[in-house]
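Position 1 is the first residue of the sequence, and the numbers go up from there.
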Amino acid sequence: MVEMGTREFEQAVGDALDEVPPELMALLDNVVFLIEDEPPPEDPDLLGVYDGTPLTERGDAWAGALPDRITIFRGPLCRMCEDRDELLDEIAVTVVHEIAHHFGIDDERLHALGWG
């Protein structure tokens, strides 16, 4: 387990977002990133979650919808990692994984690509 406070974790997520290529970030549409300490009790090991309508499923009626949400969960990420470097890597993987869901890429494909 790695101890990382809320502010430091927020900075680590921000750093992970900074590593996403700008041309990819420019394609994100109406998305907010959130950080929470813990996932819902029914899924305590959840590292992150995308809640929204993927770009591949949006139609004309989608305009004006509330922003999609990508939430990264600090607790499970900190608990699963042995050291700070591993935690930073897992944060980056989780951020990319959830962004991929925004683009309509499912878990099976992400796992095949090594972003599971």
Side-chain angles (χ1 to χ4, degrees):
M1 180 172 165
V2 178
E3 294 290 331
M4 184 178 278
T6 303
R7 286 183 190 231
E8 188 178 4
F9 190 85
E10 289 172 356
Q11 182 63 48
V13 171
D15 291 346
L17 286 167
D18 288 344
E19 293 299 315
V20 176
E23 51 275 2
L24 185 61
M25 290 299 286
L27 296 173
L28 292 177
D29 184 33
N30 202 25
V31 180
V32 296
F33 290 86
L34 306 168
I35 297 168
E36 293 188 14
D37 285 333
E38 296 295 334
E42 62 272 7
D43 200 354
D45 297 324
L46 189 65
L47 306 179
V49 67
Y50 169 73
D51 183 25
T53 303
L55 294 177
T56 55
E57 297 177 15
R58 294 183 185 180
D60 293 335
W62 187 86
L66 291 174
D68 292 0
R69 296 186 328 246
I70 292 176
T71 306
I72 308 297
F73 299 108
R74 184 172 65 94
L77 280 159
C78 289
R79 286 191 294 274
M80 73 177 281
C81 296
E82 300 280 327
D83 59 42
R84 180 179 166 73
D85 287 339
E86 181 184 7
L87 176 57
L88 295 176
D89 287 343
E90 287 298 331
I91 290 170
V93 167
T94 303
V95 165
V96 168
H97 182 102
E98 300 309 330
I99 288 173
H101 286 316
H102 176 69
F103 290 107
I105 302 171
D106 65 17
D107 281 330
E108 183 178 327
R109 181 72 178 134
L110 283 167
H111 286 274
L113 293 170
W115 292 98

Would a hydrophobic clustering, with Ile, Leu, Val, Met, Phe, Trp and Tyr connected at side-chain separations under 4.5 Å, put Ile91 with Val49?
no
Out of curiosity, Glu98 CD to Asp51 CG, how far, rounded to the nearest 0.5 Å?
10.5 Å
In terms of hydrophobic clustering (I, L, V, M, F, W, Y; side-chain heavy atoms under 4.5 Å; direct or indirect links), are Phe9 and Leu46 co-clustered?
no
Rounded distance [0.5 Å steps], CD1 in Ile72 versus CD in Glu90
11.5 Å
For residues 12-39, which side-chain donor-acceptor pairs fall under 3.5 Å, sequence neighbours excluded?
from	atom 1	to	atom 2	distance (Å)
Asp15	OD1	Gln11	NE2	2.7
Asp29	OD2	Arg58	NH1	2.9
Asn30	ND2	Ala65	O	3.1
Asp37	OD1	Arg74	NE	3.0
Asp37	OD1	Arg74	NH2	3.0
Glu38	OE1	Arg79	NH2	2.9
Glu38	OE2	Arg79	NH1	2.9

Could you grab the distance from atom CZ of Arg109 to atom NE2 of His101, nearest 0.5 Å is fine?
13.5 Å
Rounded distance [0.5 Å steps], CG in Asp68 versus CG in Leu55
7.5 Å
Quiz: residues 80-87 side-chain donor-acceptor pairs under 3.5 angstrom, not counting sequence neighbours:
from	atom 1	to	atom 2	distance (Å)
Asp83	OD1	Asp85	N	3.2
Asp83	OD1	Glu86	N	2.8
Arg84	NH1	Glu8	OE2	2.4
Glu86	OE1	Glu82	N	2.6

Contacts of type side chain to side chain contact (heavy atoms under 4.5 Å, CB included), residue Pro44, not counting sequence neighbours:
none
CG of Leu77 to CG of Asp45: how many Å apart, nearest 0.5 Å?
10.5 Å
